[in-house]
Asker: 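One structure, pasted below without further comment.
Below, all heavy atoms of this structure are taken into account, side chains as well, without hydrogens, waters or symmetry copies. The shown structure was predicted, so the numbers you read here are calculated from the model rather than taken from an experiment. We name chains A, B, ... by the order of the sequence lines, and we start the count at 1 in each one.
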Amino acid sequence: MTLHHLGLDAGQRERADLEHLLARAGHLVVAAGLAVRLAGTHVVGTDERHWAGALELVGDRPDAGLVDRLAAQLPASVVLLPGGADGGAREAATQLRDRSAGRLVQFPGQDRLVGTVPADDVPRLSAVEQVVGLAGTATVGAALQTRGFVRPELSGGRIVLLVRPFVEDGTVAPFETEHPTPCCAAHDPRPVPGTAPVGG
Amino acid sequence: MTHEHQHDGHSHSHPHDHDHEHPVTDTGAAVDLQIPDAELSPGELGRRSFLRRAGLLGVGAAAAAGMGALGGLGTGTAQARRPGGAGPGAPASLMWLAGDHHIHTQYSPDAQYLVSQQVGQGARYGLDWMVITDHGGAAHQKFDVEVTHADVVAARAQNARTLVFQGVEWNIPAAEHGTVFVAPGDGDVALLKEFEGSYDGSVKGATAPNAANEALARDGLAFLGTAVQQGRVADALMLANHPARKGLDSPHEIRGWRDTAPTIAVGMEGAPGHQAAAIPGPGHATNGRGYYDSSPSADSFAAYPRESYLTYGGFDWMTATVGGLWDSLLAEGKPWWITANSDSHQVYQDTFAPGPGVHATTGSRGAPVDTGAPIPSYGDFWPGYYSRTVVGATDFSYGAVMAGIRAGRMYVVHGGLIGGLSAQVTGGGAAPATLGGTTMVNGGNDVELQVDVQLARRPNQHGDVPRLRKVDVVVGSITGAAGDQDSFLAPDTTVTASYEVPANASGTFTIRHRFGRRRRPFYVRLRGSDGNRTAPGLLGAAVDPAGPAVDALGNADPWTDLWFYTNPIFVLPR
């Protein structure tokens with residue numbers, strides 16, 4: 001199995017925008033006859049930090065034409081390791097290849113991490129290599145309530161799933177929640193079901 | 001080495017004589033800000049200047065000068081909560097005023113109450129001072145500063161025993177939110193409006209964490225400092241709110257605010273508001289306590305560990321980690337204080353829903369609407385209901401509260417865990433120092449921390465009489481300015497003693513803790529717990545054997561996990 005690492009950078013500040021871009025890139029890559037194994041979101045840049053994406057592909061090495069087509073159609077800066085100019089796309093692809101930083105929105109076994117799963121079984125069911133409890137959270141024997149949203153992280157050369165305590169003792173949840181409480185200013189308020197009209 | 005004394009029902013306050021007749025020979029004179037510079041010997045003046053440059057002095061001095069004009073505001077309602085005694089700075093002379101510097105109203109796009117409702121509730125739940133802090137932003141800056149002022153003035157009239165400040169929750173450029181508030185006076189509205197228009201991160205489109213936006217934040221703080229110097233307002237303060245929630249406040253930004261405007265930017269929330277957010281129930285399943293349920297974004301400081309996005313016993317990671325970020329700031333020997341507030345937007349189980357106003361175009365959501373049914377999805381408490389910042393003030397006035405905050409004479413408490421606290425470091429041939437203070441001691445071994453905790457006697461708002469189980473003494477070396485502005489570790493800070501409160505204790509719990517002979521500068525701070533939920537600290541059991549435990553998502557009952565924290569006292573062997 002030969003793996004290739006593609007980086008994509010459209011200078012996005014919102015992670016949701018990047019995830020949309022990654023989905024489109026994935027379709028284009030599959031149409032070209034390659035398979036996407038991992039899709040990652042990565043923070044890149046120094047003074048102007050932003051999000052960039054990376055794909056780990058399985059199959060024959062893509063030709064330069066694919067890189068050019070992606071760059072034109074997405075549009076984004078696109079690199080295929082080991083080539084490519086320095087920049088966010090290369091930084092993202094390198095993070096994914098080295099498992100040094102970033103988080104995964106697509107990975108093998110993702111469809112098995114639904115509902116409640118024994119935390120001990122996660123490495124057997126998926127590409128996640130280790131479940132790590134934050135702040136002393138015990139994971140051995142714990143029940144992982146996935147809530148349908150699992151985003152492993154890349155750290156220290158491994159794919160890890162960070163978990164935190166959740167609701168009942170012995171139950172853990174992924175560190176990342178799908179709908180974190182939004183920041184307050186300049187956003188619509190949280191909807192309140194069954195109450196009077198909600199303003200601006 | 002721990003020891004403990006516990007005495008029932010009688011006070012242990014010890015008035016101390018500040019003998020101002022011998023400042024030239026009293027080596028504690030350099031740190032006694034009651035003594036003017038002109039009365040110091042050249043040697044003492046030099047020492048004081050050194051301490052000022054190091055940031056170890058001067059916070060109280062700035063407060064003591066120029067606050068006189070404010071003394072009259074709100075007077076006539078003073079109620080000393082400590083017996084009278086020595087001069088300002090000594091615990092016996094202070095009144096301890098409970099407050100909250102983070103309260104929202106209908107003038108925030110995500111909140112709902114009238115100013116009068118929030119102030120009335122805060123007063124009902126025992127607050128002496130409050131700050132109204134609606135979110136900064138274009139609509140707020142355009143519509144709300146004047147109308148808030150009118151509401152605040154009316155609330156002052158209706159609540160004569162309560163000090164009501166006007167402020168704003170500043171979108172700190174490149175960073176999180178922070179409370180900015182000013183002393184009442186002729187220039188307050190114009191100053192707040194100009195500040196928000198010129199320096200709010202939302203108004204200016206300056207939220208990205210780049211160098212230019214970070215500079216704008218520092219410029220905003222410098223602007224406030226200049227405004228006070230020029231007399232546009234009598235006083236102004238900034239405190240960073242929910243600092244670790246989204247990883248946006250990097251260590252170098254916090255140090256930058258502090259060092260740019262040390263009399264303005266004086267601290268941060270040690271515990272965020274929204275303490276009801278993870279009470280189990282509808283709409284709370286994936287809430288973190290304090291709404292700490294985020295993960296890193298492109299704007300987050302990359303070196304913060306994932307643990308920083310969680311809370312511990314309801315407290316922010318920066319404060320809850322012994323040897324962590326807060327301690328790394330204190331280890332520099334510079335002031336940086338903690339507070340605890342409600343961040344009240346929508347109160348857990350309250351029946352009111354937002355009014356029909358459109359905030360973006362009017363600046364207001366209008367008066368809230370009573371639905372007649374409790375709303376369990378809300379995540380906040382009323383001001384004073386759960387979180388309190390208790391300030392040692394020299395009198396009951398706006399100026400004295402602000403001076404007390406600037407001086408760090410504060411402790412914070414959740415859920416009425418304790419009824420009161422006084423702490424001072426005595427001995428060493430020097431004048432005693434209380435919370436936020438500095439004492440310069442001789443080489444003797446009689447330096448002692450004296451703590452008197454008034455145990456809770458009355459039920460809190462949950463109907464429980466909380467029981468204090470232990471008091472931890474946290475000590476760290478003062479090692480000078482950080483070489484790395486992004487450091488968030490203080491390797492030398494640990495819990496050095498833990499005092500268990502006997503099960504049958506009542507009245508006042510007293511600690512007399514000897515430090516022994518120490519040659520190097522250090523600070524000491526206190527932390528207490530109901531003992532219900534403890535775990536080894538994030539930096540290991542050797543640093544903090546029984547610290548606050550990480551809070552569970554969707555299941556963090558704030559009433560069964562109560563803590564208090566004090567600000568530090570600095571001790572400088574000479």
Asker: With a 4.5 angstrom heavy-atom cut-off, could you sort out which part of A/Thr137 is near chain B: side chain, backbone, both or neither?
Answerer: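 Side chain only.
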Asker: Which atoms of A/Arg151 come close to chain B, meaning under 4.5 Å heavy atom to heavy atom: side chain ones, backbone ones, both, or neither?
Answerer: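 Neither part; nothing is under 4.5 Å.
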Asker: Between A/Val43 and B/Ser297, which heavy-atom pair has the shortest distance, and what is it?
Answerer: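 The pair with the smallest heavy-atom distance is CG2-O, 4.1 Å.
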Asker: Is it the backbone or the side chain of A/Leu162 that comes under 4.5 Å from a heavy atom of chain B, or both, or neither?
Answerer: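 Interface part for A/Leu162: side chain.
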Asker: Could you tell me which non-hydrogen atom of B/Pro209 sits nearest to which non-hydrogen atom of A/Arg49, and how far apart they are?
Answerer: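 Taking B/Pro209 first and A/Arg49 second, the nearest heavy atoms are CG-NH2, 3.7 Å.
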Asker: Can you establish whether the number of heavy atoms outside A/Glu14 located under 6.0 Å from its atom CD is more than 12?
Answerer: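 Open: at most 12 neighbouring heavy atoms sit under 6.0 Å from CD of A/Glu14.
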Asker: Please look at A/Glu153 and chain B and tell me whether the side chain, the backbone, both or neither of the residue comes under 4.5 angstrom of a heavy atom of that chain.
Answerer: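 Contact with chain B: side chain only.
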Asker: In terms of heavy-atom proximity below 4.5 Å to chain A, should B/Asn287 be classed as side chain, backbone, both, or neither?
Answerer: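 B/Asn287 touches chain A through side-chain heavy atoms alone.
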Asker: Give, as side chain, backbone, both or neither, the part of B/Tyr312 having an atom under 4.5 angstrom from any heavy atom of chain A.
Answerer: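 B/Tyr312 touches chain A through side-chain heavy atoms alone.
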Asker: Within a radius of less than 6.0 Å around CG of A/Asp68, do more than 12 heavy atoms belonging to other residues, nucleotides or ligands occur?
Answerer: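 Yes, the 6.0 Å shell around CG holds more than 12 heavy atoms from other groups.
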Asker: Could you tell me if A/Thr177 and B/Asp293 have a donor-acceptor pair between their side chains, going purely by distance under 3.5 Å?
Answerer: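 Per modelled atom types, B/Asp293 and A/Thr177 side chains form no pair under 3.5 Å.
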Asker: Are A/Arg13 and B/Asp299 ion-paired here, with the side-chain N under 4.0 Å from a carboxylate O?
Answerer: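 Salt bridge between A/Arg13 and B/Asp299, a charged N being under 4.0 Å from a carboxylate O: yes.
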Asker: Given a strict heavy-atom distance threshold of 4.5 Å, which part of B/Pro296 is in contact with chain A: side chain, backbone, both, or neither?
Answerer: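 Backbone plus side chain of B/Pro296, per the 4.5 Å heavy-atom cut-off to chain A.
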Asker: I need the minimum non-hydrogen distance between A/Phe175 and B/Ser295, along with the two atoms involved.
Answerer: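 Closest approach of A/Phe175 to B/Ser295, heavy atoms only: CE2-CB, 3.6 Å.
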Asker: Top residue by heavy-atom pair count (under 4.5 Å) with chain B, among A/Glu176, A/His50, A/Arg164?
Answerer: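 Looking at each of A/Glu176, A/His50, A/Arg164 in turn, A/Arg164 comes out on top.
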Asker: Considering all heavy atoms of both residues, which atom of B/Leu553 and which atom of A/Phe166 are nearest to each other, and what is their separation?
Answerer: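 Shortest heavy-atom contact: O-CD1, 3.4 Å.
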Asker: OG1 of A/Thr181 to CZ of B/Arg245: how many Å apart, nearest 0.5 Å?
Answerer: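 A/Thr181 atom OG1 to B/Arg245 atom CZ measures 8.5 Å (nearest 0.5 Å).
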Asker: Which residues pass the side-chain contact (heavy atoms from CB on, under 4.5 Å) test with B/His252, sequence neighbours left out?
Answerer: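 Applying side-chain contact (heavy atoms from CB on, under 4.5 Å) to B/His252 gives B/Glu214, B/Ser250, B/Gln485, B/Asp486.
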Asker: Can you find a heavy atom in the side chain of B/Val550 that is under 4.5 Å from one in the side chain of A/Pro165?
Answerer: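 A side-chain contact exists here, since the closest heavy-atom pair is under 4.5 Å.
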Asker: Evaluate side-chain contact (heavy atoms from CB on, under 4.5 Å) for A/Arg147 paired with B/Thr286, printing each intermediate quantity in order.
Answerer: CA-CA 9 Å; A/Arg147 306 194 318 277; B/Thr286 59; 3.2 Å; yes
Asker: Under the rule for salt bridge (charged side-chain N to carboxylate O under 4.0 Å, His left out), what residues qualify as partners of A/Arg24, not counting sequence neighbours?
Answerer: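 Not a single residue meets the salt bridge (charged side-chain N to carboxylate O under 4.0 Å, His left out) criterion with A/Arg24.
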Asker: Among the options B/Ser300, B/Pro280, B/Ala535, pick out the one with the most heavy-atom pairs lying under 4.5 Å from chain A.
Answerer: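 Heavy-atom pair counts peak at B/Ser300.
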Asker: Against chain A, label B/Thr321 side chain, backbone, both or neither, depending on which of its atoms sit under 4.5 Å from a heavy atom there.
Answerer: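 The answer is neither part of B/Thr321.
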Asker: Shorter than 4.5 Å, heavy atoms on both sides: which option in B/Gly137, B/Gly554, B/Ala211 has the most such pairs with chain A?
Answerer: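 Going by pairs under 4.5 Å, I would pick B/Ala211.
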Asker: Measure B/Ser294 against the heavy atoms of chain A and call it side chain, backbone, both or neither at under 4.5 Å.
Answerer: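 Interface part for B/Ser294: both.
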